[in-house]
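Note sheet for the following structure.
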Protein chains: 2
Amino acid sequence: MNPRVSLPAAESTRTKLLDAARDAFAAKGFHGTTTRDIAAAAGMSPAAVYVHHRTKESLLYAISLAGHEATVRSLREARDGAGTPPAQLAAMVHTFVMGHTLGHTMARVVNYELAALTDEHRATIDGLRHAIQLLIREVLAAGVESGDFDCGEIGMTTNAIMGMSIDVARWYVEDGDWSPERIAAHNAQMALRMAGYRGG
Amino acid sequence: MNPRVSLPAAESTRTKLLDAARDAFAAKGFHGTTTRDIAAAAGMSPAAVYVHHRTKESLLYAISLAGHEATVRSLREARDGAGTPPAQLAAMVHTFVMGHTLGHTMARVVNYELAALTDEHRATIDGLRHAIQLLIREVLAAGVESGDFDCGEIGMTTNAIMGMSIDVARWYVEDGDWSPERIAAHNAQMALRMAGYRGG
DNA sequence: ACGCTGACTAAGCGCTTGCTTAGCGTCGCA
DNA sequence: TGCGACGCTAAGCAAGCGCTTAGTCAGCGT
């Protein structure tokens, strides 16, 4: 019953803090959120935030880093679990959109609060974003190579597919008309069309 | 030579203020921008801002309103200038994306700072956003009706097309690899594919 | 029994924020 | 020539900000 048995107090506090910060940043933006907001949402005093994070920005960085790394991981898994470029693209977009619906608060912070990071942190995150973009681009290139896809400029098509998927986090609302699964499946189909898939 | 001859001082100051606020909001977000930032960028004292706008939020609202109304106008013009649903969709997406590249600072404020509006202002803006979405949706529906398009759920396809186009404002940089014209043309083609256009 | 450690709080410091006040100079008009 | 309206500034107020300080308290090894 006591969570301390299975989880140290400091650890559960850390994640409560990160969750509270993520939700607040998503709802009001980094600059619109105060450290008092975060502390209150996590059920503690403002000073307790600084036991775990040196600055408010380091909270944002921790959230952003975890979110981007999770995205890279899930995209790689989706790619490696499918055989052909079309199947890979569909699986990757499906996974990506599932992440941007189920985790839309995380996704909003990840995609729309980059400007609040310090220069060094921003550089690290930009590296991860480049890797994510490259994963999509490579699958498109492989599909063009194999003759499955016919899209003009691969770079612009990559941006179009990713843009469509990222933007889901901006408009998605829980308890809306469409389930995450439906949106993900639809976007995967859209991506295949955009890539000029000759099947489907 | 004297701008006061052709334009009242108050009017040019007003637009300088709006331009400065738009650029600052786009770069640092509404809450990350101070009234002193805006005043300095417009070349005046902080108090001068309040001669023209009662609050900082009313500046945001003025920018947001003008941006949304311009979008509605340009989409209607694009639609009315084309004959068939495919030509209309292509023209509308082309126009929309041109607006989101050439006016990417405006577009960033318009799409990503909605949460900073007051409830009343937000309601007005939401009405305009609904109208914009409806314009795309109606063309898709007309194309399905005429047999030109074959897309599954019209609502989700609308969101996918608009999401792809809106997101352009997030990643577009001036002096990048692609011109606004090229991006707009590419996205128009993507939109036709997403709609399931049997031609092109 | 003891002091140490680590998570936490109450209080508050110095600064910045959005916005206001009081007043100045210039203009059109009587 | 006088005067009010207007656009603007210098100075500053109250509130809120990120973050710090000083200290409390439970748990633990010795």
Side-chain angles (χ1 to χ4, degrees), chain A residues 1-22 24-25 27-64 109 113 115-119 121, chain B residues 1-22 24-25 27-64 109 113 115-119 121:
Chain A
M1 281 300 177
N2 187 347
R4 287 169 188 236
V5 171
S6 58
L7 204 61
E11 201 52 40
S12 80
T13 302
R14 263 193 85 88
T15 62
K16 264 211 301 192
L17 223 35
L18 287 172
D19 287 354
R22 181 201 60 207
F25 290 160
K28 302 189 285 183
F30 178 78
H31 292 294
T33 300
T34 70
T35 55
R36 287 164 179 80
D37 289 339
I38 298 168
M44 51 189 18
S45 77
V49 174
Y50 293 88
V51 172
H52 302 281
H53 293 90
R54 280 183 56 260
T55 63
K56 186 172 88 155
E57 188 271 348
S58 86
L59 261 169
L60 174 65
Y61 177 60
I63 293 164
S64 196
V109 176
E113 301 300 329
L117 292 167
T118 63
D119 288 346
H121 289 166
Chain B
M1 282 299 179
N2 187 346
R4 287 169 188 234
V5 169
S6 57
L7 204 62
E11 200 54 39
S12 80
T13 302
R14 262 193 86 88
T15 61
K16 265 210 302 189
L17 224 34
L18 287 172
D19 286 355
R22 181 202 59 207
F25 291 160
K28 302 189 285 183
F30 178 78
H31 292 295
T33 300
T34 70
T35 55
R36 285 162 179 82
D37 289 340
I38 298 168
M44 50 190 16
S45 77
V49 174
Y50 294 89
V51 172
H52 302 280
H53 292 91
R54 283 184 54 260
T55 62
K56 186 173 88 157
E57 188 272 346
S58 87
L59 262 168
L60 174 64
Y61 177 60
I63 293 164
S64 196
V109 176
E113 302 299 328
L117 292 167
T118 63
D119 287 348
H121 289 166

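Fair warning: this is a prediction, and the values are worked out from it, not measured in the lab. Chain identifiers are assigned alphabetically (A, B, ...) following the order of the sequence lines, protein sequences preceding nucleic acid strands; residue numbering begins at 1 within each chain. Quick note: numbers below take in every heavy atom, side chains included, and nothing from hydrogens, waters or symmetry partners.
Across the protein-nucleic acid pair, B:Lys28 atom NZ and C:dT16 atom P stand 13 Å apart, rounded to whole Å. Distance B:Arg14 CZ to D:dC8 C1': 15 Å, rounded to the nearest Å. The CG-P distance, from A:Asp37 to D:dG16, rounds to 12 Å in whole Å. Between the P atom of C:dT21 and the CZ atom of B:Arg54 lies a distance of 13 Å, rounded to the nearest Å. Between B:His53 atom NE2 and C:dG18 atom C1' there is a gap of 15 Å when expressed in whole angstrom units. Distance, A:Met44 CE to C:dC8 C1': 7 Å, rounded to whole Å. One atom, CZ of B:Phe30, and another, P of C:dT17, lie 13 Å apart when rounded to the nearest Å. Atom OH of B:Tyr50 and atom P of D:dG12 are 19 Å apart (whole Å).
The residues B:Lys16 and B:Asp19 are annotated as not salt-bridged, no charged nitrogen and carboxylate oxygen being separated by less than 4.0 angstrom.
With B:Glu113 contributing its side chain and B:Leu60 its backbone, the two residues share no donor-acceptor pair below 3.5 Å. Remark: side-chain polar atoms of B:Lys56 are paired, donor with acceptor, to backbone N or O of B:Phe30 under 3.5 angstrom.
Between A:Ala116 and A:Glu57, the shortest heavy-atom distance links the atoms O-CG, 3.6 Å. The two atoms that bring B:Lys28 and A:His31 nearest to each other are O-CD2, 3.8 Å, heavy atoms only.
Side-chain atoms of B:His52 lie closest to D:dC8 of the nucleotides C:dC19, D:dC19, D:dC8. In the set D:dC8, D:dC19, C:dC8, the nucleotide with an atom closest to the side chain of A:Lys56 is D:dC19. Looking at the side chain of B:Thr34, the nearest of the listed nucleotides D:dC17, C:dG18, D:dT21 is C:dG18. Out of D:dC19, D:dA10, C:dT9, the shortest distance to the side chain of B:Ala47 is found at D:dA10.
With DNA chain D read from its 5' end, the first of the two nearest nucleotides for B:Arg36 and A:Glu57 is the one closest to B:Arg36.
For D:dC19, the OP1/OP2 oxygens have no side-chain nitrogen or oxygen of A:Thr35 closer than 4.0 Å. Residue B:His31 places none of its side-chain N or O atoms closer than 4.0 Å to OP1 or OP2 of D:dC17.
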